Amino acid sequence: MKQENIICILSTFLVILLVVYETNSTPQEEKEFIDTHNKARLKEGLPPFTYDQKLADFARKYASSRARDCALQHSDGPYGENLFWGNAAKSLKWTPKDAVTAWVKEQKYYNRKTNTCKPGKKCGHYTQIMWRDTKKVGCALTNCRGKSTYVVCEYDPPGNYEGLSPFDKHDPYIYSQA
């Protein structure tokens, strides 16, 4: 085998290892993800999430697939999903708390009485976190192109069913129809 081919193979392997490494959340980051989510839920009188490794693995694989383009494009997987991208202007190392806090701040755009967002504003990240029926969360973060931070959190069961309030209990039948 030519030396150029060996170098190419080793370089590709190194890139794959770096992407996988960069998307492995540390135990401290996992704790920060779950604690920040649960603090927001408890404030609204909702039961806490449990951290789920299967969801974290799904999030890790998806974050890894987006590490090159940083696209805030949903995976269309079987779970509820929140995405976050933090640019390097603030910091190359955005934390799990930063991402979850950004999603929770959407509360100011959510009208609980009408179950709607203010026109032109987003609040779906917040309502996913507040979805009463959701029991588990798993998250991953990655360094995106060496310039920013990309975060994916997966939720099971998913939330944000049109017309339904995140604060109500729902018939489990809706989840089998998704």
Side-chain angles (χ1 to χ4, degrees), residues 22-67 70-86 94-112 115-118 121-142 144 148-178:
E22 288 294 328
T23 58
N24 284 332
S25 297
T26 66
Q28 177 57 36
E29 289 167 334
E30 289 177 2
K31 182 177 179 348
E32 195 172 325
F33 275 125
I34 193 70
D35 287 352
T36 309
H37 275 91
N38 285 339
K39 181 179 177 184
R41 285 178 63 84
L42 292 172
K43 186 176 175 184
E44 295 295 333
L46 297 172
F49 289 146
T50 58
Y51 198 80
D52 186 88
Q53 202 56 53
K54 179 181 172 186
L55 295 175
D57 290 344
F58 186 93
R60 185 178 300 102
K61 287 176 188 170
Y62 190 65
S64 177
S65 77
R66 289 289 170 203
C70 314
L72 290 173
Q73 179 180 335
H74 286 283
S75 68
D76 296 323
Y79 309 113
E81 185 172 76
N82 280 346
L83 304 175
F84 172 87
W85 175 79
W94 290 75
T95 67
K97 183 178 180 179
D98 292 331
V100 177
T101 299
W103 296 328
V104 171
K105 283 184 179 181
E106 291 178 0
Q107 176 185 19
K108 63 186 170 193
Y109 304 125
Y110 178 70
N111 183 323
R112 196 167 171 166
N115 189 35
T116 59
C117 293
K118 288 184 180 179
K121 300 295 182 181
K122 293 181 180 182
C123 61
H125 301 101
Y126 169 73
T127 56
Q128 175 59 78
I129 291 170
M130 294 301 140
W131 198 261
R132 178 179 290 277
D133 298 339
T134 300
K135 307 284 186 237
K136 303 180 286 186
V137 65
C139 305
L141 57 91
T142 188
C144 192
S148 57
T149 301
Y150 190 85
V151 176
V152 179
C153 285
E154 303 293 335
Y155 303 86
D156 191 37
N160 289 340
Y161 284 80
E162 192 170 334
L164 300 179
S165 168
F167 295 98
D168 294 340
K169 286 188 177 189
H170 304 100
D171 186 332
Y173 178 77
I174 67 170
Y175 303 108
S176 65
Q177 300 305 305

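A quick note: this is a predicted structure, and the numbers were derived from the prediction, not measured. Atoms considered below: every heavy atom in the structure, side chains included; atoms not considered: hydrogens, waters and symmetry mates.
- Taking all atoms of both residues into account, the shortest heavy-atom contact from L83 to H125 is O-NE2, 3.7 Å.
- For the residue pair T127 / N160, a side-chain donor-acceptor distance below 3.5 Å is found, with atom types taken as modelled.
- Contact detail for V104 and A40: the closest heavy-atom pair is CG2-CB, 3.7 Å.
- Looking only at distances, a side-chain donor or acceptor of N38 sits under 3.5 Å from a matching main-chain atom of F49.
- For the residue pair G124 and E106, the shortest heavy atom distance occurs at N-OE1, 3.4 Å.
- Listed here is the closest heavy atom pair of D133 and D168: OD1-O, 4.1 Å.
- The minimum heavy-atom distance linking K122 with C117 is given by the pair C-SG, 4.1 Å.
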Quiz prompt | Pair Y110-T116, side chain to side chain contact (heavy atoms under 4.5 Å, CB included): steps then yes or no | solution = CA-CA 6 Å; Y110 178 70; T116 59; over 6 Å; no
Exercise. Decide side chain to side chain contact (heavy atoms under 4.5 Å, CB included) for E44 and Q107; before the verdict, give the C-alpha distance in whole Å, the side-chain angles of both, and the deciding distance to 0.1 Å.
Key: CA-CA 11 Å; E44 295 295 333; Q107 176 185 19; 3.0 Å; yes
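- A 4.5 Å side-chain heavy-atom check between C70 and S148 finds at least one atom pair inside the cut-off.
- For the pair F33 and V151, the minimum side-chain heavy-atom distance is below 4.5 Å.
- In plain terms, the two heavy atoms of P47 and R41 that are nearest each other are O-NE, 2.7 Å.
- Taking the six-membered ring for Trp and thresholds of 30 and 60 degrees, W131 and Y161 have ring planes inclined between 30 and 60 degrees apart.
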Practice problem: Applying side chain to side chain contact (heavy atoms under 4.5 Å, CB included), run through L55 and Y79 and close with a yes or a no. | Solution: CA-CA 8 Å; L55 295 175; Y79 309 113; 3.3 Å; yes
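- Note on R60 versus D57: salt bridge recorded, some NZ/NE/NH1/NH2 to OD/OE distance being below 4.0 Å.
- Here the OG1 atom belonging to T36 is positioned 9.0 Å from the NZ atom belonging to K31, to the nearest 0.5 angstrom.
- Taken to the nearest 0.5 Å, the SG atom of C123 stands 11.5 Å off from the CE atom of M130.
- The backbone N or O of K108 lies less than 3.5 Å from no partner atom in the side chain of Y126, so there is not a single donor-acceptor pair.
- For the pair C139/E30, no side-chain contact is recorded, criterion being any heavy-atom separation below 4.5 Å from C-beta on.
- Judged purely by atom type and a 3.5 angstrom limit, Y51 has no side-chain atom pairing as donor or acceptor with the backbone of D35.
- No donor-acceptor distance shorter than 3.5 angstrom exists from the side chain of R132 to the backbone of L46, with no hydrogens or angles considered.
- Side chain of T134 to main chain of D156: no donor-acceptor pair is present (N/O by atom type, distance under 3.5 Å, no hydrogens or angles).
- H170 contributes a side-chain N or O that, together with a main-chain N or O of S165, makes up a donor-acceptor pair within less than 3.5 Å.
- We find the CG-OH distance between D76 and Y62 to be 7.5 Å, quoted to the nearest 0.5 Å.
- With 3.5 Å as the limit, one finds no donor-acceptor pair spanning the side chains of D98 and T101.
- Between the side chain of Q128 and the backbone N or O of Y155 there is no donor-acceptor pair closer than 3.5 Å.
- The side-chain heavy atoms of P48 and L42, taken from C-beta on, include a pair separated by under 4.5 Å.
- In this structure, NZ in K135 is found 13.5 Å from CG in D52, a value given to the nearest 0.5 Å.
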